[in-house]
Amino acid sequence: MLKQSDPEVYAILKKEEKRQQDKLSLIASENCFSPSVREAVGSVFSHKYSEGNVGERYYEGNENIDQLEQLAIDRACQLFKVPKDWTANVQALSGSNANLAVYLALMEAGDTLMSMYLPDGGHLSHGWSFEPDESKRKADLVSGSLVYLGGKRKVHLTSRLYKVVQYKTEPQTKLFNYDEVEKIAVKYKPRLIITGGTAYPRNIDYRRMREVADRVGALYLADIAHEAGLVAGRAVRSPVGVADVVTMTTHKTLRAGRGAIILADKGLIGKINRGLLPGLQGGPHNHNIAGITVGLGEALRPEFTKYAQQVVKNAKHLAKALEKQGFKIVTKGTDKHLLLVDLNDQPILGKNFAFILDEAGLVTNATTLPWDSSPPRNPAGLRLGTPWVTTRGMKEKEMDIIASWIKQVMNIASSWSKLTSQELEEKAGASMELKNIARAVSKLGRNFMDFPKKGMVARAI
Ligand code: DSN
């Protein structure tokens with residue numbers, strides 16, 4: 001129908017379907033959803049306003065939305081094995097909004113929060129501000145201090161509303177030292193401590209962080225946006241019942257459509273509900289809640305546990321395979337779905353390399369690395385993740401192939417290190433060698449996804 005009614009949008013949609021089919025997404029935060037999740041997201045649920053919570057709405061006509069949202073809450077509680085007195089909120093439109101709702105519920109403006117340093121893998125919504133003066137930034141990197149008190153430019157709302165103290169990894173290991181984190185907490189006495197982020201490849205010791213929070217009388221928020229599916233599939237440890245509040249997005253490893261879930265005890269969730277509405281949002285996106293409900297149902301099936309565990313196996317294997325190809329992996333591996341490649345000893349750094357890889361059909365993103373002073377516009381790191389390729393059914397054998405393609409691309413690009421970005425883009429665009437790899441990527445991809453005719457979930461694992 002769209003084809004006839006709006007051929008322009010239809011043509012763009014077809015191009016995007018082809019891009020997703022032909023290329024491999026190795027972006028750690030991306031995944032693809034089953035046809036059932038997508039059917040629910042595209043449903044009439046998007047037509048309805050339903051401000052409020054189950055059984056207490058400001059608009060009439062919400063008997064079906066109530067049933068849907070209660071099912072989502074029940075499934076979330078079952079999947080994440082919450083304690084008896086806990087419940088869920090499934091209305092936050094995104095992970096950032098989920099976190100903001102928690103802050104609104106638990107803190108006053110001006111309170112102190114403590115979170116992971118963004119360049120070491122934290123998240124913007126945990127309160128980022130930066131120092132525009134590059135020399136001061138570099139001085140901070142060599143000082144060896146494990147605490148960051150922010151810079152002049154308060155780019156995220158969180159850093160405008162609250163005092164933000166961030167803890168860093170250690171310069172040698174690039175790991176968090178919990179004794180040091182505890183000292184920082186004792187000194188700055190935060191009201192809220194946050195763990196989690198987007199690029200820390202190792203497990204977080206939730207129990208140790210609970211001890212830190214208890215020592216200083218802070219509340220503890222575990223943001224598992226990235227790991228939600230791995231927690232659900234028991235492929236990594238769970239902070240549920242350890243932290244006071246757990247937030248997550250639903251569209252990354254959890255593969256349940258776009259949105260967010262907040263888990264906490266019923267008293268806190270009551271406050272968080274009010275943080276979201278009227279504090280932050282208007283009507284919930286019921287079509288997304290429908291997608292989340294279907295995705296949670298899928299995640300409750302035994303196949304999902306196999307999927308989550310294969311995601312981790314694939315990431316560990318990809319890290320090893322890349323090491324064999326001569327790449328340096330931050331912390332020498334991973335405990336989860338993502339890994340960081342340190343390109344400092346390679347001819348091409350992160351942003352340029354990610355661009356060239358995309359020309360070869362491998363979609364990735366550049367990232368900052370802990371204790372690295374490369375320019376933020378072309379950071380030295382490359383973040384890779386395995387959630388999407390695992391959904392497509394790929395296993396260790398394909399990780400070896402992907403690692404060898406990444407090496408081949410670096411070899412092809414090795415003589416381009418002195419080029420300007422524009423020259424490099426022209427070279428990459430014209431390279432027959434990159435086009436050949438892109439063809440091989442697309443050929444491999446055809447064995448792993450009948451998109452969009454057949455469901456990936458049915459094919460995966
Ligand atoms: N954009 C997400 C990621 O890539 O990790 C975080 O919000």
Side-chain angles (χ1 to χ4, degrees), residues 20 23-33 92-103 113 115-130 155-159 164 166 169 194-204 221-231 236 246-262 280-281 285 288 292 295 308 311-312 315 318 330-331 334-341 350-351 353-355 357-358 362-370 376-377 379 381-391:
Q20 293 189 15
K23 295 189 175 187
L24 297 183
S25 173
L26 294 162
I27 291 182
S29 48
E30 290 183 353
N31 210 331
C32 63
F33 313 132
L93 303 183
S94 69
S96 292
N97 272 18
N99 289 337
L100 288 172
V102 173
Y103 308 156
L113 74 77
S115 56
M116 275 166 57
Y117 182 50
L118 183 72
D120 288 6
H123 190 253
L124 281 169
S125 67
H126 301 170
W128 183 237
S129 62
F130 76 95
V155 288
H156 198 276
L157 177 67
T158 307
S159 62
V164 180
Q166 299 202 314
T169 58
I194 307 174
T195 58
T198 62
Y200 186 64
R202 294 298 180 176
N203 281 325
I204 288 169
L221 161 63
D223 179 342
I224 56 164
H226 265 257
E227 300 85 358
L230 308 181
V231 170
V236 298
V246 177
T247 56
M248 69 190 83
T249 47
T250 48
H251 45 270
K252 299 186 175 89
T253 49
L254 188 54
R255 214 169 59 178
R258 231 170 165 96
I261 298 176
I262 308 170
L280 203 58
Q281 293 185 172
H285 288 191
N288 283 345
I292 291 170
V311 168
V312 176
L318 182 59
V330 175
T331 77
T334 179
D335 295 325
K336 40 198 185 190
H337 61 297
L338 67 85
L339 51 131
L340 306 180
V341 188
K351 183 72 189 147
F353 193 45
F355 176 84
L357 281 171
D358 189 53
L362 300 170
V363 191
T364 64
N365 68 281
T367 187
T368 53
L369 293 174
R377 286 172 308 285
L382 185 75
R383 187 182 67 162
L384 300 174
T386 53
W388 193 330
V389 288
T390 309
T391 291

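Predicted model, so just to flag it, every value in this text is computed and none were measured. Counting starts at 1 for both ligands and their atoms, in listed order.
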Could you tell me, for ligand 1, which of its N or O atoms are under 3.5 Å from any protein N or O, listing the pairs and their distances rounded to 0.1 Å?
from     : atom 1 : to     : atom 2 : distance (Å)
ligand 1 : 4 (O)  : Ser29  : OG     : 2.7
ligand 1 : 4 (O)  : Arg383 : NH2    : 2.8
ligand 1 : 5 (O)  : His226 : NE2    : 2.7
ligand 1 : 5 (O)  : Arg383 : NH1    : 3.0
ligand 1 : 7 (O)  : His123 : NE2    : 2.9

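His156 pairs by the ring pair (Phe, Tyr, Trp, His ring centres under 6.0 Å) definition with nothing, not counting sequence neighbours. The side chain to side chain donor-acceptor pair (under 3.5 Å) check on Ser25 picks up Glu30, with sequence neighbours excluded. Contacts of Thr331 classified as side-chain contact (heavy atoms from CB on, under 4.5 Å), with partners at least two apart in sequence or in another chain: Lys174, Leu175, Pro201, Arg202.
Closest approach of Ala256 and Gly295 over heavy atoms only: CB-CA, 3.6 Å.
Of the possible polar contacts, none joining the Thr386 side chain to the Thr390 backbone as a donor-acceptor pair under 3.5 Å is found.
A donor-acceptor contact closer than 3.5 angstrom is absent between the side chains of Arg383 and Thr364.
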